[in-house]
Undergrad: 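Please read through the structure below; I'll follow up with questions.
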There are 2 protein chains.
Amino acid sequence: MKTPPSRPKAIIRKPLPVKSDIAVTTHESVYRGLRNRILFGGFLPGSAVTLRGLAEDMGVSPMPIREAVRRLIAERALKMQDNRRVLVPLMTQATFEQIVFARKTLEPELAARAMDHIGPAELRQIAAHDRSVDRAMATSDIHGYMESNYRFHFAIYERAGAETLMALVESIWLQFGPFMRMAYNRWGTSDLEDQHQAAIAALQRNDRKALRAAIAADVSQGMSFIGESVLRRAY
Amino acid sequence: MKTPPSRPKAIIRKPLPVKSDIAVTTHESVYRGLRNRILFGGFLPGSAVTLRGLAEDMGVSPMPIREAVRRLIAERALKMQDNRRVLVPLMTQATFEQIVFARKTLEPELAARAMDHIGPAELRQIAAHDRSVDRAMATSDIHGYMESNYRFHFAIYERAGAETLMALVESIWLQFGPFMRMAYNRWGTSDLEDQHQAAIAALQRNDRKALRAAIAADVSQGMSFIGESVLRRAY
DNA sequence: GCGCGAATAATGTGATCACAATGGGGAGTG
DNA sequence: CACTCCCCATTGTGATCACATTATTCGCGC
């Protein structure tokens, strides 16, 4: 008895006729909502996801959900098993190792390419994200930590103007988001030493080599932390 | 006057009730069909793609087309512009350079990881694909060349058992497929020297370093050929 | 109590319709 | 002959329904 069987289906026929601005589709907002949930720890690995369930949660018809889910499956943020059931993927040691490799290969490169396009204004924004990370860590705000950490990294990477490589990295982040959250659920975020300062310093003195190293170190440290904490068995 | 306005809509209500085998969905076969067309040069960059058009071509309703197209857009094989029109993406110098970087970073790694899982049987298959490449080149069969070349590379890579990295590489190949075809349309495939032999030889003597180098050389040569031939302006 | 099987619920898939927005083409005007 | 405006065809989007398949639940017999 989870839901009353004959509920009148929430008659919200025209949910957003307010399309006066940029005409964002329902699909797009659903996609972004799900994406953020995955990226910032709103789902745990192994969670089941159903089209009608999400549709009811988000107050829309199953139609835009279908497309958003299909899209997230293509990005490997969700997985459809042979049952045709959709779930948040589990993490395995093999997958995790490949994610680490991809991150350590691609993210320092993106940072290096971005450096020349990061001026004082961008650097200020990046430093602000880092402070948000510290604040979230101090208050054990896991969601806030994950979001700020994401924004810190991508505020750098996006300056590279390398959309093709960015798409690869974004797909990778989507794949370890839920798993990251699980690690932090267990251990908190406090024993994570902040490697972001080294990156900021490297950006300030335009030291590309040091920036690469700082990003690589941040990836290594963060991933080995969440890897060791939960990878005894598959999640 | 392209289509008679009141055509009875091709009444093929139950196109495949033959689902006796593995229950493949219409979506899946449509996806694979489109994927192969993109991968092996069935589309040219800039081609417009419409849901109803594809639906009619493939004899299915627009519904599975929508999902397949959405999926391919997520994989960057297709692009939806702000008009909501879908097209095969054009290639730019910037995108092309990123593709080359990603290939040279990821593909030698995949090959290196695959080496230990390639026995005589697999090597025979790989060599057979290479002969198909030669045969296609000899007969100026562009589609055949592209397909055999794909199969050669992925017969190696898939032995790495690294699905996460494979997904990245597959997305990359989808992005340069149409563009590659355009280059070959202009110049033929004949002045492409066959670098595959070096890879096969390296596999035979288990020389990982040489294998990496051979794959990297193959990527470099192939990409610089198609890059130089058409990248004076954007396509 | 405990398996086991049938009935029932839930799920993804495909089809069809309505709709708003965009694009293209042609008539009309200068 | 060029330009503008309007109309209509085309497009993607969202909703809803029907259906086959798969899970789950319930109840019967041991």
Side-chain angles (χ1 to χ4, degrees), chain A residues 1-32 47-74 78-87, chain B residues 1-32 47-74 78-87:
Chain A
M1 210 280 288
K2 287 178 184 173
T3 61
S6 56
R7 198 155 58 86
K9 193 180 275 187
I11 315 154
I12 319 172
R13 286 306 169 85
K14 307 247 178 176
L16 287 183
V18 290
K19 54 153 190 59
S20 40
D21 238 345
I22 318 184
V24 73
T25 60
T26 310
H27 157 81
E28 193 67 25
S29 64
V30 164
Y31 168 74
R32 267 205 270 271
S47 306
V49 156
T50 67
L51 302 187
R52 289 174 177 84
L54 289 180
E56 193 163 348
D57 285 355
M58 312 183 91
V60 300
S61 95
M63 204 58 229
I65 304 277
R66 266 160 85 165
E67 305 206 35
V69 165
R70 187 64 75 183
R71 191 170 164 186
L72 289 164
I73 291 171
L78 296 175
K79 178 172 160 51
M80 173 170 292
Q81 28 188 12
D82 300 334
N83 323 348
R84 308 240 176 114
R85 254 63 176 184
V86 180
L87 47 76
Chain B
M1 213 280 287
K2 286 178 183 173
T3 60
S6 54
R7 198 156 56 89
K9 194 178 277 188
I11 313 154
I12 319 172
R13 285 307 168 83
K14 308 247 178 178
L16 287 183
V18 289
K19 53 154 191 58
S20 40
D21 239 345
I22 319 183
V24 73
T25 59
T26 310
H27 156 81
E28 191 68 25
S29 64
V30 164
Y31 168 74
R32 268 205 269 271
S47 306
V49 157
T50 67
L51 303 187
R52 288 173 177 86
L54 288 179
E56 193 162 347
D57 285 356
M58 312 183 91
V60 301
S61 95
M63 204 58 229
I65 305 276
R66 265 160 85 164
E67 305 207 33
V69 166
R70 187 65 76 184
R71 191 169 164 187
L72 288 163
I73 291 172
L78 296 175
K79 178 171 161 50
M80 173 169 292
Q81 26 188 13
D82 300 334
N83 321 349
R84 310 242 175 108
R85 255 63 176 186
V86 180
L87 47 76

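Just so you know, these numbers come straight off a predicted model, no measurement behind them. Chain letters run A, B, ... following the sequence lines, proteins first and then strands; every chain starts at 1.
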Undergrad: Nearest whole Å is fine: how far is D:dA20 C1' from A:Arg84 CZ?
TA: 9 Å
Undergrad: Ignoring hydrogens and angles, are the base of C:dG14 and the side chain of B:Arg66 linked by a donor-acceptor pair under 3.5 Å?
TA: no
Undergrad: Closest approach of A:Ala74 and B:Ala74, non-hydrogen atoms and distance?
TA: CB-CB, 3.6 Å
Undergrad: Among C:dG14, D:dA23, D:dA15, find the nucleotide with the atom closest to the side chain of A:Asn83.
TA: D:dA23
Undergrad: Just jot down the side-chain contact (heavy atoms from CB on, under 4.5 Å) partners of A:Ile73, sequence neighbours excluded, or say none.
TA: A:Val69, A:Leu78, A:Met80, A:Val86
Undergrad: Starting at CE of B:Met80 and ending at C1' of C:dT22, how long is that distance when rounded to a whole Å?
TA: 13 Å
Undergrad: Looking only at non-hydrogen atoms, find the nearest pair between A:Leu54 and A:Val49 and report the distance.
TA: CD1-CG1, 3.5 Å
Undergrad: Specify the residue among B:Val49 and A:Pro62 whose closest nucleotide of DNA chain D lies further upstream toward the 5′ end.
TA: B:Val49
Undergrad: Please tell me if B:Arg70 has a side-chain N or O lying less than 4.0 Å from either OP1 or OP2 of D:dT13.
TA: yes
Undergrad: Would you mind reading off the distance between B:Leu87 atom CG and C:dG23 atom C1', rounded to a whole angstrom?
TA: 15 Å
Undergrad: Would you please name every residue forming a side-chain hydrogen bond (donor to acceptor under 3.5 Å, both in side chains) with A:Arg32, sequence neighbours left out?
TA: A:Glu28
Undergrad: Just compare C:dG14, D:dG14, C:dT22 and give me whichever is closest to any side-chain atom of B:Ser61.
TA: C:dG14
Undergrad: Starting the side chain at C-beta, find the nucleotide from D:dA18, D:dT11, D:dG14 nearest to A:Arg52.
TA: D:dA18
Undergrad: Rounded to whole angstroms, how far apart are CE on B:Met63 and C1' on D:dA18?
TA: 14 Å
Undergrad: So, for B:Ala68 and B:Val30, which heavy atoms are closest and what is the spacing to 0.1 Å?
TA: CB-CG1, 3.6 Å
Undergrad: Measure the distance from CG on A:Leu51 to P on C:dT11 and round it to the nearest whole Å.
TA: 9 Å
Undergrad: Measuring from the side chain of A:Thr25 (C-beta onward, heavy atoms only), which nucleotide among D:dG12, D:dG14, C:dG12 has the closest atom?
TA: D:dG14
Undergrad: Of all the choices, D:dA23, D:dT16, D:dT13, which nucleotide is nearest to the side chain of A:Glu67 once you look at every atom?
TA: D:dT13
Undergrad: Return the value, rounded to whole Å, for the distance between atom CD1 of B:Ile65 and atom P of C:dT13.
TA: 15 Å
Undergrad: Just how far, in rounded Å, is C1' of C:dA15 from CG of B:Leu54?
TA: 17 Å
Undergrad: To the nearest angstrom, how far is B:Tyr31 atom OH from C:dG12 atom P?
TA: 20 Å
